[in-house]
Amino acid sequence: MADRNKGILLLLISALGFSMMGAFVKLSGDVPTTQKAFFRNIVAAAITLGFVLKHKERVFGKKENQKLLLSRSALGAVGIVLNFYAIDNLVLSDAEMLNKLSPFILIIFSAIFLKEHARKYQVISILIAFIGTLFIIQPEFSVDIIPYIVGVLGAVFAAGAYTMLRVLGNKEKHYTVVFYFSFFTTVLLLPFTIIFYEPMSLTQWIFLLLAGAFATVGQFGVTLAYKYAPASEISIFFYSTVVYSALLSVILFGQIPTLWSVLGYVIIFSASFYMFLKNNYAAKQEVKETVTSKTS
């Protein structure tokens with residue numbers, strides 16, 4: 001199998017992992033959001049610690065990378081709690097699609113904080129994605145809008161975490177970064193889990209442990225996928241999360257997205273697909289220019 005196809009397959013598996021995580025979080029029922037996030041992360045921390053120890057890496061990374069690892073973890077921790085709140089209070093596919101705004105927000109953050117030039121087609125994609133978001137949210141001045149706002153804020157914090165990852169680059173192994181984030185979030189949420197703890201049935205325990213396991217599958221899947229192929233070539237397949245989540249919404253919860261939401265999905269996906277095509281074209285042009293300069 002070609003590396004590009006391996007990357008696509010891994011990304012599809014990763015998307016399924018994150019969709020199943022969301023479904024199990026929702027299935028766990030009336031449990032505090034912080035408690036759900038705690039169990040999701042403690043499972044991920046336990047699994048990834050095994051990988052760190054197996055490869056004999058530093059458990060908490062290198063000293064010079066601590067600020068970046070802490071910043072990434074803090075932003076990611078807030079993002080995951082907000083995302084879980086959105087999952088609990090929205091149609092699953094709506095929550096997933098709002099979370100998929102993070103790549104567009106990442107472009108804005110990269111331009112502001114990393115001084116990366118935002119290209120014209122990226123700006124156009126961001127504007128189109130924002131319009132799609134309005135179709136999903138269908139803004140009204142009532143409390144019903146709060147979960148949607150929280151979902152968007154979850155994407156903002158996730159984009160902040162990804163910005164830190166961009167700066168971190170390859171300075172740390174991926175399993176070290178995942179463990180650090182999962183461990184940090186577990187410790188951060190422990191006091192809230194103790195204070196607001198709600199007793200859980202055996203079924204709820206199983207659902208949250210499965211949420212953690214599938215989250216780990218999703219995290220490793222996306223990390224490995226980008227080792228086989230550049231994000232610019234395969235990232236569009238990660239939007240299969242929304243398809244999985246829409247199916248799970250109907251099958252498990254009897255929730256059918258509104259036509260306005262579906263239209264919003266199509267608009268945001270179209271914006272992503274447009275950016276995907278433009279990124280591919282730009283990458284090919286860069287390769288062509290490099291080859292030309294070497295042969296001339």
Side-chain angles (χ1 to χ4, degrees), residues 11 14-15 17-19 21-22 25-26 33 36-37 40-41 71-114 116 118 122-139 144-166 181 185 215 218-219 222 231 235-246 249 257 260-276:
L11 214 51
S14 172
F18 283 122
S19 297
M21 177 206 75
V25 166
K26 202 170 183 70
T33 301
K36 292 182 179 185
R40 174 256 190 251
N41 281 284
S71 299
R72 179 265 183 270
S73 299
L75 291 165
V78 176
I80 202 167
V81 171
L82 295 176
N83 180 231
F84 275 25
Y85 179 87
I87 288 172
D88 277 337
N89 292 278
L90 296 174
V91 174
L92 186 58
S93 50
D94 278 9
E96 290 290 356
M97 184 52 93
L98 291 176
N99 192 246
K100 292 295 176 288
L101 292 172
S102 55
F104 299 100
I105 301 169
L106 175 60
I107 294 170
I108 298 172
F109 284 174
S110 295
I112 295 172
F113 300 110
L114 306 184
E116 293 181 2
Q122 292 176 319
V123 175
I124 293 171
S125 297
I126 292 168
L127 293 174
I128 294 172
F130 175 73
I131 293 170
T133 305
L134 295 179
F135 279 95
I136 297 173
I137 298 175
Q138 301 162 48
D144 293 337
I145 200 176
I146 292 175
Y148 291 98
I149 294 173
V150 170
V152 174
L153 287 174
V156 171
F157 277 92
Y162 296 146
T163 305
M164 293 298 105
L165 283 177
R166 289 281 295 272
F181 161 64
T185 307
Q219 192 72 58
V222 70
S235 59
I236 193 68
F237 292 95
F238 198 48
Y239 278 79
S240 58
T241 311
V242 181
V243 177
Y244 296 139
S245 296
S249 292
W260 288 114
S261 285
V262 173
L263 180 58
Y265 302 168
V266 172
I267 291 172
I268 294 174
F269 176 80
S270 299
S272 181
F273 188 63
Y274 169 70
M275 193 161 63
F276 168 76

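Just so we're clear, the structure is a prediction, and the values are computed from it rather than from any experiment.
Of the possible polar contacts, none joining the Lys36 side chain to the Tyr85 backbone as a donor-acceptor pair under 3.5 Å is found.
The nearest pair of heavy atoms linking Gly76 to Ala161 is N-CB, 3.8 Å. Contact between Phe238 and Ser14 at its shortest, heavy atoms only, is CE1-OG, 3.5 Å. Taking each heavy atom of Met164 and Leu75 in turn, the nearest pair found is CG-CD1, 4.0 Å. When every heavy atom of Ala271 is checked against every heavy atom of Ala129, the shortest pair comes out as CB-N, 3.9 Å. Across all non-hydrogen atoms, the minimal contact from Leu92 to Ser19 is CD2-O, 4.4 Å. For the pair Ser93 and Tyr265, the tightest heavy-atom approach, listed with the atom from each and the gap, is OG-OH, 2.7 Å.
Counting non-hydrogen atoms of neighbouring residues, nucleotides and ligands closer than 6.0 angstrom, the OH atom of Tyr162 reaches no more than 12 such neighbours. Other residues, nucleotides and ligands contribute over 12 non-hydrogen atoms within 6.0 Å of the CZ atom of Phe18. Surrounding CZ of Phe109 are more than 12 heavy atoms belonging to other residues, nucleotides or ligands, all under 6.0 Å away.
To the nearest 0.5 Å, atoms CD1 (Ile137) and CG (Leu98) are separated by 5.5 Å. Note: Ile80 CD1 to Thr185 OG1 = 6.5 Å, rounded to the nearest 0.5 Å. Atom OG1 of Thr163 and atom CZ of Phe113 lie 7.5 Å apart (nearest 0.5 Å). One finds the OG atom of Ser245 at 7.0 Å from the NZ atom of Lys100 (value rounded to the nearest 0.5 Å). A distance of 5.5 Å separates CG of Leu106 from CZ of Arg166, quoted to the nearest 0.5 Å. A distance of 7.0 Å separates CD1 of Ile136 from CG of Leu101, quoted to the nearest 0.5 Å.
Using a 4.5 Å heavy-atom threshold, the side chains of Phe84 and Arg40 count as touching. Here the side chains of Phe104 and Ile268 are in contact, with some heavy-atom distance below 4.5 Å. For the pair Asn41/Phe181, a side-chain contact is recorded, criterion being any heavy-atom separation below 4.5 Å from C-beta on. Using a 4.5 Å heavy-atom cutoff, the side chains of Phe269 and Val242 are not in contact. At a threshold of 4.5 Å between non-hydrogen side-chain atoms, the residues Asp94 and Tyr148 count as touching. At least one side-chain heavy atom of Ile87 sits under 4.5 Å from a side-chain heavy atom of Asn83.
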